Structure formats: C-alpha cells, structure tokens
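Report on the structure given below.
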Amino acid sequence: MVLSLLNLVVFAAAPALPQHAVGAAFISRETKTEVELTLRFDQAVVTDAPALPEGKAALSFKPKVAVEHEVWLWDSAGKLINLGKPSFTFRFSCENDAGLRAQAVAKVMVKKGQLPRALSPVNNAWKVVGFAVVGAPVPRPALTTKEPQTIHFVADLDGDGTVDARLSGSQDDAMNCGEPEKHGAQWSVDLEGETKRMALRCCGP
C-alpha cells in the first residue's frame, strides 16, 4: 500500500504550460525604470493541471508549473519582448457558480529601456498590457464571434493577416471586483482565442 502511494507521487505528471499557450500580462508594480508584470494563464491551457483541494486548503495550494519554452509579451502591434522562462505556480484564482478556478501565475521584472515601444495599460482592467504567449504561436483560425464587450487588445499571433486572439473586458453586474474608485465601472478580463474564452479575472456570483 505504501509502495503504491509512493509510485503515485513519483510518477504523477507535473502541471506544465505547453508551447503555444496564450495568457495575459498585467502591470502589478512600476518604478521609473522598471515594470513588474504578472502573467496569468487559465487552467484550461495548463497540461496535467491538478484538482484544487476543497476549502481553505485551496489558498495555500501552489505547486510549480513547468515551462520549457520562453514566454513572449505581445500587444496589438506584435511581439514586444522575450520574458524568458518565469517561475510559475498553479494557484487558486476564484470561486463562483462555475466552481473553483485556478491559474498558472508568475511575476517578471522588465526594464523599460528594453521595451521597443511603451506599454499601454488599461487602467480599469488590472492594468492589462497585452498577451503572454509561450514559445511560437500555433496557426489558428480567425476570430469570427462578436461579443458585447469592450475590446482592449487584439493580435494576429500566427501572422496570417487576420485577428486570432483578443483581450476584452465584460462588465461585472455583481459589482464585486473591488474597484469603486473606477466610478462603478467593474470589469472582468477575458482572453479569447479560437472559440474558447478563458477568464483571467474572476467576478460575479
């Protein structure tokens, strides 16, 4: 029995961010010369993602997430900068009617002088600045769905001349995103790629 449990521990696959995974980057801290970015990838793109434990244990559950390919920062004008291979952890992100959700999250410092163009954060959406893309993007179909949302960033990740990913904000009717200073403008940040929407900010019941 003990040996069987040890085998499960040894051979259990670790969570990983595969090449082509797409998430988003948000400004979490800024100085005159540097900017700290928080990278967030929804659990849907994490391979071998573990189930979150129930209750308060979910808050301290933060296994490491492997990333074998370098992560690139993109905005609507294209690639911005290589962010290397940040140290990701898989952690609780929210709980609502859809159940428990988690993300692969990492922080990385970027020197402003290394950026080929200035970042354009969206101030009412966690200061989102664009896409985080693992390795080389995979060819993907153009987006054809139209959503009643404010679109912050779009990208042509595979270079075929058509938009295949967008970051958009949807109004939070539950008003529980904790931003009363934004004059009631509550937003969720969603990544859209192909036909899937991956919530990167959890709001609502």
Side-chain angles (χ1 to χ4, degrees), residues 8-30 34-74 81-110 119 121-122 124-135 152-153 165 167-170 172 174 176-179 186-193 196-205:
L8 285 174
V9 172
V10 171
F11 294 107
L17 275 177
Q19 185 171 203
H20 316 311
V22 181
F26 304 81
I27 291 180
S28 47
R29 188 163 56 90
E30 189 172 4
E34 293 183 311
V35 59
E36 180 186 70
L37 300 178
T38 298
L39 312 181
R40 298 179 180 273
F41 290 79
D42 183 70
Q43 66 184 39
V45 301
V46 179
T47 59
D48 298 311
L52 288 173
E54 297 291 333
K56 292 183 179 180
L59 300 178
S60 58
F61 183 71
K62 298 178 181 179
K64 290 185 177 181
V65 178
V67 56
E68 296 184 358
H69 301 274
E70 294 172 328
V71 179
W72 288 83
L73 177 64
W74 286 63
I81 194 170
N82 185 332
L83 301 176
K85 298 178 183 178
S87 178
F88 282 90
T89 55
F90 188 73
R91 58 179 67 187
F92 168 84
S93 61
C94 74
E95 180 179 9
N96 56 20
D97 289 347
L100 293 174
R101 300 293 297 175
Q103 299 173 348
V105 181
K107 292 185 182 295
V108 60
M109 293 298 296
V110 175
L119 300 177
V122 180
N124 63 353
W126 273 4
K127 293 188 176 181
V128 62
V129 292
F131 301 92
V133 182
V134 180
H152 300 314
F153 295 96
L167 278 163
S168 55
S170 58
D172 169 32
N176 65 354
C177 271
E179 289 187 351
Q186 309 293 316
W187 297 89
S188 314
V189 176
D190 301 299
L191 170 74
E192 294 212 46
K196 294 186 298 183
R197 173 181 295 162
M198 290 169 281
L200 296 171
R201 186 177 190 198
C202 175
C203 300

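Just so it is clear, the structure is predicted and the values come from calculations on it, not from any experiment. As a basis for the values below, the full set of heavy atoms in this structure was taken, side chains included, without hydrogen atoms, waters or symmetry mates.
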Looking at [X] and [Y], what are the two nearest heavy atoms and their distance?
X: His152; Y: Ser168; answer: CD2-C, 4.0 Å
X: Val65; Y: Leu17; answer: CG1-N, 3.7 Å
X: Pro86; Y: Val71; answer: CD-CG2, 3.9 Å
X: Pro15; Y: Ala49; answer: CB-CA, 4.4 Å
X: Phe153; Y: Gly130; answer: CE1-N, 3.8 Å
X: Trp72; Y: Gly135; answer: CD1-O, 4.0 Å

Could you measure the distance from the [atom1] atom of [X] to the [atom2] atom of [Y]? Nearest 0.5 Å is fine.
X: Gln43; Y: Phe92; atom1: CD; atom2: CZ; value: 11.0 Å
X: Lys107; Y: Thr38; atom1: NZ; atom2: OG1; value: 3.0 Å
X: Gln103; Y: Phe41; atom1: CD; atom2: CZ; value: 10.5 Å
X: Arg101; Y: Ser93; atom1: CZ; atom2: OG; value: 7.0 Å
X: Met109; Y: Leu37; atom1: CE; atom2: CG; value: 8.5 Å
X: Gln19; Y: Glu68; atom1: CD; atom2: CD; value: 10.0 Å

Name of the residue among Leu39, Val108, Ile81 meeting side chain to side chain contact (heavy atoms under 4.5 Å, CB included) with Leu73: Ile81
Contact check, side chains of Val45 and Val22, non-hydrogen atoms, under 4.5 Å: no
